[in-house]
There are 2 protein chains.
Amino acid sequence: MGLAKTEMFNDLQNEISLISKAFSHPARVTILQYLFKIDSCVCGDLVNEIGLAQPTISQHLKELKQLGLIKGTVEGTSVCYCINHEKWAQMKTVMSEFLDQDLPTKQDCC
Amino acid sequence: MGLAKTEMFNDLQNEISLISKAFSHPARVTILQYLFKIDSCVCGDLVNEIGLAQPTISQHLKELKQLGLIKGTVEGTSVCYCINHEKWAQMKTVMSEFLDQDLPTKQDCC
DNA sequence: TTTATTTATCGTAATATTGCAATGTATAAA
DNA sequence: TTTATACATTGCAATATTACGATAAATAAA
């Protein structure tokens, strides 16, 4: 099928999985790391920075933009991308709660 | 293609994407939440708890086990699964570093 | 040994993802 | 207006993922 049965899970479970899907490709992880590192808009050099073809990068950027984690601003003939810090912070809250489910004192039971 | 070009990314980038892939399906998120919630081994009732067929659950469990996030112990005719707390903590370190890339004072630049 | 129970594996269908060549679109420069 | 530049979109091929019926494997109980 290749199709997740999202209707049988709650909103939080689906949200966590959607966020994680955005991070589930190394190219998107790399794009985000690069945007944080240069700490400003990126117009163009992502294709040079990462060794993938321009349409491929464009597709990955689209997915990150759809989730709201990055913003794109048209600037002349190029488009500048940068991190959406507010959205990133919101996302971090959701993911941290999920990751912090483990309690420090707990032991494995098997 | 459907095949990520992992060789062009570094180990950390690939690790983050692999961890995230494990969380990119709501059934696996739900399984992990349930294991944390009951805080003991689960033998069997995952199929009842989540509304997916037994082979499907088994497949999701296999993926989580391969990443090391859960452990399975054979107990008679059933298999008991639980969280691997040590591995979870390691995973959390990697993911937290990635999620905490944003600095509190930073503003969007576009 | 036979039967029941539980989980894993196999096989397969449906859908999703990844990657890129070709092409479209929009703006800037000439 | 023409040309160049940058990015998006389309279309398609290859591979991955998801789901589950059928079946295998392993152990416990009868």
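Below, chain A is the first sequence line, B the second, and so on; all start at residue 1. None of these values were measured; they are calculated from a predicted model.
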Next on the checklist: Within a 6.0 Å radius of atom CD on Glu97(B), are there more than 12 heavy atoms belonging to other residues, nucleotides or ligands?
Outcome noted: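 Open.
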Checklist entry - Is there a donor and acceptor pair, one atom on the side chain of Gln59(A) and one on the base of dA8(D), closer than 3.5 Å? => result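 Under the 3.5 Å cut-off, the side chain and the base do not form any donor-acceptor pair.
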Round to the nearest Å and state the distance from [X] atom [atom1] to [N] atom [atom2].
{"X": "Ile70(A)", "N": "dC7(D)", "atom1": "CD1", "atom2": "P", "value": "12 Å"}
{"X": "Gln54(A)", "N": "dA8(D)", "atom1": "CD", "atom2": "C1'", "value": "7 Å"}
{"X": "Ile57(B)", "N": "dA19(D)", "atom1": "CD1", "atom2": "P", "value": "9 Å"}
{"X": "His25(B)", "N": "dT17(D)", "atom1": "NE2", "atom2": "C1'", "value": "8 Å"}
{"X": "Leu67(B)", "N": "dT17(D)", "atom1": "CG", "atom2": "P", "value": "12 Å"}
{"X": "Glu75(B)", "N": "dA8(C)", "atom1": "CD", "atom2": "P", "value": "14 Å"}
{"X": "Glu63(B)", "N": "dT9(C)", "atom1": "CD", "atom2": "P", "value": "13 Å"}
{"X": "Leu64(B)", "N": "dT18(D)", "atom1": "CG", "atom2": "P", "value": "11 Å"}

Contact under 4.0 Å: [X] side-chain N or O vs [N] OP1/OP2:
{"X": "Lys21(B)", "N": "dT17(C)", "value": "no"}
{"X": "His60(A)", "N": "dT17(C)", "value": "no"}
{"X": "Tyr81(A)", "N": "dA6(D)", "value": "no"}
{"X": "Thr56(A)", "N": "dC20(C)", "value": "yes"}
{"X": "Thr77(A)", "N": "dT27(C)", "value": "no"}

Next on the checklist: Reading DNA chain D from 5' onward, which residue's closest nucleotide shows up sooner: Lys5(A) or Lys62(A)?
Outcome noted: Lys62(A)
Item to check | Pro55(A) or Leu52(B), whichever maps to the more 5' nucleotide of DNA chain D | outcome: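 The residue mapped nearer the 5' terminus is Pro55(A).
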Next on the checklist: Check for me, please, whether Ile16(B) and Leu18(A) land in the same ILVMFWY cluster - side-chain distances under 4.5 Å, paths through other members count.
Outcome noted: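 Looking at the clustering, Leu18(A) is in a separate group from Ile16(B).
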Checklist entry - How is Ser78(B) classified with respect to the nucleic acid when contacts are heavy atoms under 4.0 Å: base, sugar-phosphate, or nothing? => result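 Touches sugar-phosphate only.
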Item to check | Sugar-phosphate only, base, or nothing, as touched by Leu61(B) at under 4.0 Å among non-hydrogen atoms | outcome: nothing
Item to check | Close side-chain approach of Leu32(B) and Phe23(B), heavy atoms under 4.5 Å | outcome: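 Yes; the side chains approach each other to less than 4.5 Å.
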Next on the checklist: Quick one about Gln33(A) and Gln101(B) (side-chain donor to acceptor, distance below 3.5 Å, no hydrogens or angles considered), yes or no?
Outcome noted: no
Item to check | Position toward the 5' end of DNA chain C (nearest nucleotide), Val74(A) or Gly51(A) | outcome: Gly51(A)
Checklist entry - Relative to the 5' end of DNA chain C, which residue comes earlier, Val79(B) or Met8(B), by the nucleotide with the nearest heavy atom? => result Val79(B)
Checklist entry - What pair of heavy atoms forms the shortest contact from Asp102(B) to Leu99(B), and how long is it? => result OD1-O, 3.2 Å
